[in-house]
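Atom set for the values below is all heavy atoms of this structure, side chains included, hydrogens, waters and symmetry mates excluded. Keep in mind that what you see is a predicted model, and the values were worked out from it rather than measured. We count residues from 1, following the sequence as given.
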Amino acid sequence: MFLFGFLSALASIFVWRAFQLKRFDLSDELLNLKPDDHHWGNLGYWENTQDYGEACRQLAMKVGDQAALDQTSDILDVGFGCGDQLILWHQHYRVKTISGVNTSQAQVGLAQKKLRFEGINAFLHHYDHRAINNQADRNFSHVLSVDAAYFFDERDQWFKQVHRVLKPEGKLVVTDLVIPHPPSDLLQEFIMRSLLWLCGIPKDNVITLDAYKQQLTEAGFATVSEADISDAVMDGFAHWLPTYRQQFEGVGSLPIWQKYQATAKILSWLRKHDLLRCYLICAQR
């Protein structure tokens, strides 16, 4: 069963790569087939719901509540997807200003359209996380990233830039993936690192929580707090996806479905062997 789970997930990902799917595009529409006009693209926070849109809203609200957003907040969202969380934070917290960067030009265009329709002014740009290097010192009260930071190259250097652009007592709030402990089994470690590499997660980002917090401290943050949300996020998405797929059998592109099925299998396998966890992390300047 150990190798079967690994090979099954690996085969799905190779299919995904063979079709040359982009990781960040509009394929998330397949997860939003219910008629609510949303384009969410995170793993969700599955507490008392089996609705994808609601789960994604719950995760975005977890980040907003942890950040203590309010009408004085100047936020930078790194990896904002199609903009649904920006609309949510504006409507719920009445944040003062919204800026964001995202790697998908298609998603940026859709987000700009959606925010204009809602009458929300925002500065959204097509760029990756390194765009923060060009921001002025002490420019934001909050830097946020929902379900994206584990993809960032040189994430430890990004932490230093985040600290630089935050105002005094400003906060970085992210959902991110860490390993609970260094793997004791060489085969499990090889499989884990292979799966994460195939998912596009840089090897230097596969670290323990203690190492993660140490990077934040070395970046200059005064306090770091964390909450383990693995059950509600990783387990929730992995359990939901197969049932949802059955409901919409025959709808959409098969390679895209295989991409999400691979994600669910990987999450399930990594959680079963306690090799990966998801945390809500808040670092204050």
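- Minimum heavy-atom separation, Asn102 to Gln107: ND2-OE1, 2.7 Å.
- Annotation: the span from His125 atom NE2 to Gln105 atom CD amounts to 13.5 Å, rounded to 0.5 Å.
- For Phe117, there are no side chain to side chain contact (heavy atoms under 4.5 Å, CB included) partners two or more places apart in sequence or in a different chain.
- Separation of the Phe159 and Tyr212 ring centroids falls under the 6.0 Å cut-off.
- Proximity of a side-chain donor or acceptor of His129 to a complementary backbone N or O of Asp153 within less than 3.5 Å is detected.
- A donor-acceptor pair shorter than 3.5 Å cannot be found between the side chains of Ser141 and Lys171.
- Minimum interatomic distance between Arg57 and Asp51 (heavy atoms only, all atoms of both residues): NH2-OD2, 4.0 Å.
- Tracing side-chain contacts under 4.5 Å through hydrophobic residues (I, L, V, M, F, W, Y), one never reaches Leu270 starting from Tyr279; they form parts of separate clusters.
- Between the side chain of His39 and the backbone N or O of Gly83 there is no donor-acceptor pair closer than 3.5 Å.
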Stepwise side-chain contact (heavy atoms from CB on, under 4.5 Å) test for Trp46 and Val233: CA-CA 6 Å; Trp46 301 85; Val233 175; 5.7 Å; no

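- Side chain to side chain, Asp65 and Tyr93 meet the donor-acceptor criterion of an N or O pair below 3.5 Å.
- No side-chain donor from either of Asp156 and Gln215 sits under 3.5 Å from a side-chain acceptor of the other.
- In this structure, Trp40 has its ring center at least 6.0 angstrom away from the ring center of Tyr52.
- Rounding to the nearest 0.5 Å gives a distance of 4.0 Å between CG of Leu187 and CD1 of Ile191.
- When all heavy atoms of Gln135 and Arg164 are compared, the pair lying nearest together is O-NH1, 2.8 Å.
- Residue Cys278 holds its SG atom at 4.0 Å from CD1 of Ile229, rounded to the nearest 0.5 Å.
- Side chain to side chain, Gln214 and Glu218 meet the donor-acceptor criterion of an N or O pair below 3.5 Å.
- Here CG of Leu86 is found 5.5 Å from CD1 of Ile98. Values are rounded to the nearest 0.5 Å.
- A donor-acceptor pair shorter than 3.5 Å can be found between the side chains of Asp228 and Ser230.
- Around OH of Tyr244, the count of heavy atoms belonging to other residues, nucleotides or ligands within 6.0 Å exceeds 12.
- Using a 4.0 Å cut-off between a side-chain N of Lys or Arg and a carboxylate O of Asp or Glu, Asp70 and Lys96 do not qualify as a salt bridge.
- Side-chain contact of Asp147 with Tyr150: a donor-acceptor pair under 3.5 Å is present, judged by distance alone.
- With hydrogens and angles disregarded, no donor-acceptor distance shorter than 3.5 Å links the side chain of Thr175 to the backbone of Val146.
- No donor-acceptor distance shorter than 3.5 angstrom exists from the side chain of His92 to the backbone of Leu88, with no hydrogens or angles considered.
- In this structure, Thr217 contributes its side chain and Lys213 its backbone to a donor-acceptor pair below 3.5 Å.
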From CA spacing to verdict: side-chain contact (heavy atoms from CB on, under 4.5 Å), Asn139, Lys167: CA-CA 6 Å; Asn139 200 31; Lys167 298 176 181 179; 6.0 Å; no

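- Under the 4.5 Å side-chain heavy-atom criterion for grouping Ile, Leu, Val, Met, Phe, Trp and Tyr, Leu209 is not connected to Val206 through any hydrophobic cluster.
- Within 6.0 Å of CG in Asp137 there are more than 12 heavy atoms belonging to other residues, nucleotides or ligands.
- Judged by distance alone, the side chains of Asp128 and Thr103 never bring a donor and an acceptor atom under 3.5 Å apart.
- A cation-pi arrangement is not found for Arg130 relative to Trp158, the charged atom failing to lie both closer than 6.0 Å to the ring centre and inside a 45° cone about the ring normal.
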Verdict with supporting geometry, Trp89 and Ser73, side-chain contact (heavy atoms from CB on, under 4.5 Å): CA-CA 10 Å; Trp89 292 333; Ser73 299; over 6 Å; no

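- One finds the CG atom of Leu216 at 6.5 Å from the CD1 atom of Ile281 (value rounded to the nearest 0.5 Å).
- Of all heavy-atom pairs between Ala149 and Arg155, the closest is O-CD, 3.4 Å.
- Both Val251 and Tyr260 are assigned to one and the same hydrophobic cluster, defined by single-linkage of ILVMFWY side chains at heavy-atom distances under 4.5 Å.
- When each of Asn48, Thr49, Leu59 is tested with Glu54 by the rule side-chain contact (heavy atoms from CB on, under 4.5 Å), just one qualifies, namely Thr49.
- Judged purely by atom type and a 3.5 angstrom limit, Gln50 has no side-chain atom pairing as donor or acceptor with the backbone of Trp240.
- Contact check for Pro168 versus Arg138: side-chain heavy atoms found under the 4.5 Å cut-off.
- Residue Gln85 comes nearest to Gly79 through the heavy atom pair NE2-O, 3.8 Å, listed as atom of the first residue, atom of the second, then distance.
- The backbone N or O of His163 sits less than 3.5 Å from a side-chain atom of Arg285, completing a donor-acceptor pair.
- Exactly one residue among Val174, Val173, Leu172 makes a side-chain contact (heavy atoms from CB on, under 4.5 Å) with Val143. That residue is Leu172.
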Steps toward side-chain contact (heavy atoms from CB on, under 4.5 Å) verdict (Leu26, Cys82): CA-CA 8 Å; Leu26 297 181; Cys82 295; 3.9 Å; yes

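- Gln91 CD: more than 12 foreign heavy atoms inside a 6.0 Å radius.
- Considering every non-hydrogen atom in both Ser145 and Phe152, the closest pair reads OG-CZ, 3.7 Å.
- To the nearest 0.5 Å, atom CG of residue Leu198 and atom CZ of residue Arg193 are 14.0 Å apart.
- Listed by first then second residue, pairs satisfying salt bridge (Lys or Arg N to Asp or Glu O under 4.0 Å) with a partner in residues 110-124 read Asp84-Lys114, not counting sequence neighbours.
- Here the side chains of Ile87 and Leu115 are in contact, with some heavy-atom distance below 4.5 Å.
- In the hydrophobic clustering of this structure, Val108 does not group with Leu76; members are Ile, Leu, Val, Met, Phe, Trp, Tyr whose side-chain heavy atoms approach within less than 4.5 Å, directly or through other members.
- Atom CD of Glu169 sits in a sparse spot, with 12 or fewer heavy atoms from other residues, nucleotides or ligands closer than 6.0 Å.
- Linking ILVMFWY residues whenever their side-chain heavy atoms come closer than 4.5 Å, directly or via other members, leaves Leu144 and Tyr127 in distinct clusters.
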